[in-house]
K.L.:
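Just dropping this structure here.
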Amino acid sequence: MEIKNLLKKTCIILLTAIGYLACKKDGGDSSIADRPVIESYLTNGKVVTLKVYQQKGLLDTTSYGAAISGLSVSFNNGSKTITLKESAAGVYTSTESDLIIAGNTCSFSFTYNGQTISGETVVPSKPVSFAASSLEQAVPSPDPDSSTTTFNAVNFTWNNAEKGYYMMIFKNQSSTPNRIGSGFGRRNGYEDIEEYLGQVSSFKTQRMTFQFSGFYDVYLCHINAEYNNIVNSSSTSSLNLTNPPTNIKNGLGIFTAISRDSLLLNVYQN
């Protein structure tokens, strides 16, 4: 499962805010100018991935700054310490996929420009009692000449007694899923569906939630407050620049953990 669109949007928000602050000559925190940017979303069942970038320039149109290579990155999962390997420029990964354990505190550290860069996060609990009112979703064609109008939503529920933060991802298992309806000029390609939900305990599908049919892996992700803070940050405004939220010591960005559970949903055109 790849959390693509929402995390890409979050990263762009974060890096844009950092770019503004790094280039702003008055106001803001000038001391952040040479700090590296960290991006890491630890997920149960997946290898550890930690990306390290230089900050973007204000007029830089790329999504990320230049990768920082050649680091020795130490990672601790609350039980053992390993050294992450650089699998691509600026991307440091583990070989094991069972390191992220609910309730454990994970941390990393490395040295950059004579300073120790570090961060830690607690792995949230796995979602409890994740269920669906149905594991099939019939979707009427959106074409204007379609005679089918009936839509019965699927209601997803879970236990959120601790008032945690959640997001949901719908990922089609097919590499080339079929579009529902003929398209009628719609040229957008398939993308995973990502819903930031906040502190709720249910989610109901809508008529336009699905534009493609097929079997979907439905991931319910329990996320941490630091991720929520970045998603809801308004620090990108050029009229009110403030330090972007971060939980990185001597750096910027985000180091957070996600615990997930999943269901399989069959989406078809009726």
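We use all heavy atoms of the structure for the numbers below, so side chains are in, but hydrogens, waters and symmetry mates are not. In this chain, numbering begins with 1 at the start of the sequence shown. Everything numeric in this text was worked out from a predicted model, so none of it was measured.
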K.L.:
Could you tell me whether a side-chain N or O of Asn178 sits under 3.5 Å from a main-chain N or O of Ser213, the two making a donor and an acceptor?
P.N.:
no
K.L.:
In this structure, would Ile82 and Phe110 fall into the same cluster of hydrophobic residues linked by side-chain contacts under 4.5 Å?
P.N.:
yes
K.L.:
Quick check: does any side chain N or O of Gln269 sit under 3.5 Å from a backbone N or O of Ser141, one acting as donor and the other as acceptor?
P.N.:
no
K.L.:
Is it possible for you to say whether Val91 and Phe108 belong to one hydrophobic cluster, with membership spreading through side-chain heavy-atom contacts below 4.5 Å?
P.N.:
no
K.L.:
Report yes or no: do Val73 and Val47 belong to one cluster of Ile/Leu/Val/Met/Phe/Trp/Tyr joined by side chain heavy-atom distances under 4.5 Å?
P.N.:
no
K.L.:
For residues Thr256 and Glu226, is any side-chain donor paired with an opposing acceptor at under 3.5 Å?
P.N.:
yes
K.L.:
Please check if the distance between the ring centroids of Tyr227 and Tyr165 is under 6.0 Å.
P.N.:
no
K.L.:
Taking Gln115's backbone N and O only, do any of them form a donor-acceptor pair with Asn250's side chain (distance below 3.5 Å, no angle check)?
P.N.:
no
K.L.:
Would you say Asn224's side chain and Val122's backbone share a donor-acceptor pair under 3.5 angstrom?
P.N.:
yes
K.L.:
Distance only, no hydrogens: is a donor on one side chain within 3.5 Å (strictly under) of an acceptor on the other, for Gln173 and Asp217?
P.N.:
yes
K.L.:
Taking Gln55 for its side chain and Val37 for its backbone only, find out whether a donor-acceptor pair lies under 3.5 Å.
P.N.:
no
K.L.:
Looking at Ser107, is its backbone amide N or carbonyl O close enough to the side chain of Asn76 to form a donor-acceptor pair, meaning the two atoms are under 3.5 Å apart?
P.N.:
no
K.L.:
Verify, without hydrogens or angle tests, whether Ser118 (side chain) and Lys249 (backbone) share a donor-acceptor contact under 3.5 angstrom.
P.N.:
no
K.L.:
Could you walk me through whether Thr121 and Asn247 pass side chain to side chain donor-acceptor pair (under 3.5 Å), step by step?
P.N.:
CA-CA 8 Å; Thr121 187; Asn247 63 337; 4.9 Å; no
K.L.:
Would you confirm whether Ser201, through its side chain, and Asn160, through its main-chain N or O, come within 3.5 Å as a donor-acceptor pair?
P.N.:
no
K.L.:
Is it the case that more than 12 heavy atoms not belonging to Phe215 sit under 6.0 Å from its CZ atom?
P.N.:
no
K.L.:
Test side chain to side chain donor-acceptor pair (under 3.5 Å) on Gln211 and Asn188; report intermediate values, then the result.
P.N.:
CA-CA 10 Å; Gln211 297 185 37; Asn188 58 307; 3.1 Å; yes
K.L.:
Working to the nearest 0.5 angstrom, can you tell me the gap between Ile101 CD1 and Leu42 CG?
P.N.:
12.0 Å
K.L.:
If we ignore hydrogens and angles and just use 3.5 Å, is the side chain of Asn159 paired with the main-chain N or O of Ala161 as donor and acceptor?
P.N.:
yes
K.L.:
Centres of the Phe210 and Tyr216 rings: under 6.0 Å?
P.N.:
yes
K.L.:
Same cluster or not: are Ile193 and Phe212 linked, directly or through other Ile, Leu, Val, Met, Phe, Trp or Tyr residues, by side-chain heavy atoms under 4.5 angstrom apart?
P.N.:
yes
K.L.:
At what distance, to the nearest 0.5 angstrom, does CZ of Phe75 lie from OG1 of Thr81?
P.N.:
9.0 Å
